[in-house]
Amino acid sequence: MNHHHLTALILAAGKGTRMKSDMAKVLHEVYFAPMICHVVDVVQSMSFDDTIVITGHQCEKVEESLEKFGVSFARQEQQLGTAHAVLSAKSLLKKAMGTVVILCGDTPLIRAETLEQMLEAHFIASSMLTILTTRLYEPTNYGRIISDTNGNVLRIVEQKDATAIQKEIREINAGIYCVNTNFLMDCLAGVGTDNKQGEFYLTDIVEIANESGHAVNKFVCLDPDEVLGVNSRVELAQAHAALQARFNKALMLSGVTLMLPETVSIEKSVLVGRDTIVHANTHITGQSFIGERCLIEPGAVIKNCRLGTGVTVGAFSYLNGCQLADGEKMDPHTVRIGR
Ligand code: UD1
Ligand code: CA
């Protein structure tokens with residue numbers, strides 16, 4: 001693959017009205033980090049030349065939450081829609097050219113592997129615009145993919161603008177696009193606000209691309225969970241559980257026993273040795289290191305601790321910043337901070 005200039009553009013200026021919160025949506029925490037951080041983490045694990053985040057609502061706080069990542073910011077002063085959000089980065093994108101991958105700050109489950117496969121398909125097809133789609137049993141609230149009888153993508157219709165028949169379509173827009181930067185700018189110039197919400201919809205570029213004679217490609221994501229868009233606290237909880245489940249699965253495959261894993265919270269930063277058994281309702285967070293063959297009884301809370309080999313932590317204990325020697329046994333209900 002020739003080296004193109006590759007930019008990741010993440011939209012994160014919206015308020016997130018459906019969260020019913022005083023805090024900007026992308027700052028709500030999912031699996032131990034603001035949800036925007038998961039998206040930035042994913043793109044930074046890939047070979048993008050630069051990452052631009054569009055901020056607006058509570059822009060200072062959102063930018064502060066991303067301090068450690070070293071990304072660029074473009075501000076969208078008024079939130080007039082997703083197409084308008086992309087246009088806020090116009091001058092930064094002009095400098096970059098090449099290809100841009102547009103993502104939303106509210107889809108924290110997306111995986112780098114999927115984005116890589118999508119980009120590869122985009123380049124192999126010499127596509128101008130490739131959109132990520134998936135099929136959902138419950139497509140409500142997502143933009144629906146309108147296709148012709150041959151399966152070619154014609155346009156995207158938002159939930160609020162969809163007819164009853166269009167609402168039955170289960171193929172949805174994940175809100176992730178690979179697009180030639182020049183072409184994107186041309187298409188954006190044609191986006192208007194003739195829709196129920198009176199917003200500039202980024203999704204309109206699909207129809208505009210078709211009208212200009214450029215077929216729109218799609219990349220179908222087989223795992224619908226990956227493109228979960230968090231709009232309310234219901235999806236916030238789903239996203240958190242899904243990310244925790246991913247990490248717990250990796251832990252189990254590495255040789256750690258988790259009893260009732262759906263009740264066990266372990267942060268990604270934690271290392272756990274083989275043949276350790278972690279019982280239900282346990283929380284292990286921070287820079288914690290759990291040795292091999294440890295037994296963590298139900299309901300333990302362990303933060304920033306180092307446990308040697310064969311340590312037992314009794315049920316309902318609270319340990320914060322502790323060092324436990326090999327073979328040490330903590331009684332149930334132990335509270336220990338430091339040492
Ligand atoms: C959007 C898509 C929809 C898709 C869904 C996937 C449009 C018009 N619709 O809908 O087709 O199925 O995502 O999750 O694009 N944002 C800004 N500035 C704005 C408006 C939004 O930065 O002016 C940001 C938000 O912060 C958010 C993202 O764009 O991160 C998506 O906005 P949101 O309002 O959640 O769009 P959806 O209604 O979910
Ligand atoms: Ca959304």
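Every number for a ligand or one of its atoms is a count from 1 in the order of the listing.
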Minimum-distance pair of heavy atoms, taken over all atoms of Arg293 and Thr309: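 Of all heavy-atom pairs spanning Arg293 and Thr309, the closest is NH2-CG2, 3.4 Å.
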
Tell me whether [X] has any N or O atom under 3.5 angstrom from an N or O of ligand 1.
X      : answer
Tyr177 : no
Gly14  : yes
Gln76  : yes
Ala85  : no
Tyr201 : no
Gly175 : no
Ala13  : yes

Of all N, O or S atoms in Asp106, which has the smallest distance to the Ca ion (ligand 2)?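 For Asp106, the N/O/S atom sitting closest to the Ca ion (ligand 2) is OD2.
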
For atom 23 (O) of ligand 1, the protein heavy atom that lies nearest, with its residue and separation: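 The protein heavy atom lying closest is Gly81 N, 2.8 Å.
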
So, [X] and [Y], do they make that salt bridge, N to O below 4.0 Å?
X      : Y      : result
Glu226 : Arg111 : yes
Arg75  : Glu63  : yes
Lys25  : Asp106 : yes
Glu297 : Lys329 : no
Arg144 : Glu158 : no

Heavy atoms of other groups near Ile165 CD1, more than 12 under 6.0 Å: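 At most 12 heavy atoms, drawn from other residues, nucleotides or ligands, come within 6.0 Å of this atom.
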
For Phe247 and Tyr31, take the angle between the two ring planes, folded into 0 to 90°, and tell me which bin it lands in: parallel under 30, tilted 30 to 60, perpendicular over 60. tilted

Using a 4.0 Å heavy-atom threshold (strictly under), name the region of Ala174 that reaches ligand 1: side chain, backbone, both or neither. backbone

Where's the contact between Met35 and ligand 1, heavy-atom distance under 4.0 Å: side chain, backbone, both or neither?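 Under 4.0 Å from ligand 1, Met35 contributes no heavy atoms.
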
Per [atom], closest listed option by heavy atom ([options]):
atom                    : options                       : result
atom 35 (O) of ligand 1 : Leu11, Asp106, Val39          : Asp106
atom 32 (O) of ligand 1 : Ile176, Leu132, Thr82, Val206 : Thr82
atom 9 (N) of ligand 1  : Glu199, Lys160, Gln79, Glu158 : Glu158

Sub-4.0 Å protein heavy atom next to atom 11 (O) of ligand 1: yes

Is there an N/O/S atom in Asn141 that lies less than 3.0 Å from the Ca ion (ligand 2)?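 So Asn141 does not bind the Ca ion (ligand 2) by this criterion.
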
Which of the atoms in ligand 1, numbered in the order shown and given with their element, are less than 4.0 Å from a heavy-atom of [X]?
X      : answer
Gly105 : 30 (O)
Gly143 : 3 (C), 4 (C), 11 (O), 12 (O)
Leu80  : 23 (O)
Asn231 : 35 (O), 39 (O)

Answer with yes or no whether the side chains of Thr7 and Asp50 bring together a donor and an acceptor at under 3.5 Å.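 Looking only at side-chain atoms, Thr7 and Asp50 do form a donor-acceptor pair, the distance falling under 3.5 Å.
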
Step through it carefully: locate the ring centre of His4, locate the ring centre of Phe123, and say whether they are under 6.0 Å apart.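 Distance test on ring centres: under 6.0 Å, yes.
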
How about Phe183 and His214: are their ring centroids closer than 6.0 Å? yes

Side chain Tyr201, main chain Val157, donor-acceptor under 3.5 Å: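 Checking the backbone N and O of Val157 against the side chain of Tyr201, no donor-acceptor pair under 3.5 Å is found.
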
